[in-house]
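Because only heavy atoms are used, hydrogens play no part in the values below, and waters and symmetry mates are left out as well, while side chains stay in. All residue numbers refer to positions in the sequence shown, counting from 1.
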Amino acid sequence: MTQHVKEIFGSSGSPGGPPAPAALAAKVRTLAPSMTRSMQRVAEAVAGDPAGCAALTVTGLAELTGTSEATVVRTARLLGYPGYRDLRLALAGLAAQQQSGRAPAITTDIAVDDPISDVVAKLAYDEQQTLADTAAGLDTVQLGAAVTAAATARRIDVYGIGASGLVAQDLAQKLLRIGLIAHAHSDPHLAVTNAVQLRAGDVAIAITHSGSTGDVIEPLRVAFERGATTVAITGRPAGAVTQYADHVLTTSTARESELRPAAMSSRTSQLLVVDCLFVGVAQRTYDTAGPALAASYEALAHRHR
């Protein structure tokens, strides 16, 4: 991996430490919807003009956003920084990246009369940004813990509804191909009745961008109460689903527009996270996963001739 790729897609910082500059923009986009309006103004200001805000004192940023110094400090801490000084340093780093042309900050919405070539270019840019934001903000400590639990699980249940249900099916199918017992449940009744059978040593994974989908939260709660290890893959790290999650994997999403609903970009980021989870499990179980993959490939090879 080159140094440039590491800077953009690498770790969001040392465990428990502040996010790296590349993760700051992702954090703002992910957390802004759950902030108070005054904190949103601070977050929007630092995301929109990192260079300008990096030059401001805490008092100056409070005056610029029409908030208080306490609100600025609370926003900095919510974004993962010990204090405003640390946020200013990250803003300066983000500004340097943007000025070098490596991190464009504005995505143009798709218009009804856009030619298809523009649609392709705009969607490709949005998808790239979503993946970069998700990679930058993904907590690799939490991911590693989820991998460890899944690699040794007796059984893995995955819950998802709608677009998230498609991602749940994708993960379950991958895990089945490496010899693990995994099932995806999009029917809420079936999800709960299966969750009742889980116990310690099992894993339950809930996928919900909003973090508030009741049909996904309920089976995760049941699995949590039965002693299974629980994982939430969500775009809202403060969402209701996380209260029943032992491990939280945060996804990012592009700004929603009329022709680009949130389900499109949330699916992209969710697929990246489940792919990371799957590859990690395959690495941990390679002695059995390798032969299982080879056997499944061989069994289906004649269908592709």
Side-chain angles (χ1 to χ4, degrees), residues 1 5-35 43 47 75-82 86-87 90 93-94 129-153 156 158-160 164 167-168 171 203-212 216-217 220 224 228-253 265-284:
M1 186 183 291
V5 173
K6 285 181 180 178
E7 289 172 356
I8 297 179
F9 293 97
S11 170
S12 58
S14 59
L24 173 59
K27 276 266 190 179
V28 170
R29 280 186 281 268
T30 299
L31 295 176
S34 60
M35 293 178 178
T75 305
R77 289 175 177 168
L78 182 60
L79 292 173
Y81 301 92
D86 303 275
L87 176 60
L94 180 58
Q129 187 64 56
T130 297
L131 291 172
D133 284 354
T134 300
L138 189 59
D139 187 328
T140 53
V141 174
Q142 292 284 302
L143 176 61
V147 165
T148 298
T152 57
I156 302 168
V158 193
Y159 315 124
S164 296
V167 178
L171 176 58
V203 170
I205 302 171
I207 304 175
T208 164
H209 172 63
S210 68
S212 58
V216 172
I217 294 174
L220 192 73
F224 181 80
T229 298
T230 53
V231 180
I233 299 175
T234 179
R236 300 287 181 265
V241 71
T242 61
Q243 65 183 308
Y244 303 114
D246 296 307
H247 310 294
V248 178
L249 306 178
T250 305
T251 58
S252 183
T253 182
S265 57
S266 66
R267 181 197 62 214
T268 298
S269 56
Q270 288 168 354
L271 285 170
L272 172 61
V273 172
V274 301
D275 280 353
C276 292
L277 181 60
F278 166 73
V279 170
V281 172
Q283 288 177 316
R284 299 285 183 91

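- Across every non-hydrogen atom of Ser269 and Thr134, the tightest pair is CB-OG1, 3.1 Å.
- Residues Thr208 and Leu220 have side chains not in contact (no heavy-atom distance under 4.5 Å, counting atoms from C-beta outward).
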What verdict does the side-chain contact (heavy atoms from CB on, under 4.5 Å) test give for Asp139 and Thr250, after you've listed the backbone C-alpha separation in whole Å, the side-chain angles of each residue and the deciding distance to 0.1 Å? CA-CA 8 Å; Asp139 187 328; Thr250 305; over 6 Å; no

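- Taking all atoms of both residues into account, the shortest heavy-atom contact from Arg236 to Ser210 is CG-O, 3.1 Å.
- The residue from Gln270, His209, Arg267 that alone fulfils the side-chain hydrogen bond (donor to acceptor under 3.5 Å, both in side chains) condition with Ser164 is Gln270.
- Using a distance-only test at 3.5 Å, with no hydrogens or angles considered, a donor-acceptor pair links the side chain of Thr230 to the main chain of Asp246.
- When all heavy atoms of His247 and Ala145 are compared, the closest pair comes out as CE1-CB, 3.4 Å.
- Summarising the geometry, atom OG1 belonging to Thr130 is positioned 12.0 Å from atom CG belonging to Leu271; distances are rounded to the nearest 0.5 Å.
- For the residue pair Val241 and Ala232, the shortest heavy atom distance occurs at CG1-CB, 4.1 Å.
- Side-chain contact check for Val216 versus Ile207: every heavy-atom pair is 4.5 Å or farther apart.
- Phe224 and Tyr244 make their closest contact through CD1-O, 3.3 Å (heavy atoms, listed as atom of the first residue, atom of the second, distance).
- Residues Val231 and Leu277 fail the side-chain proximity criterion, which asks for heavy atoms closer than 4.5 Å.
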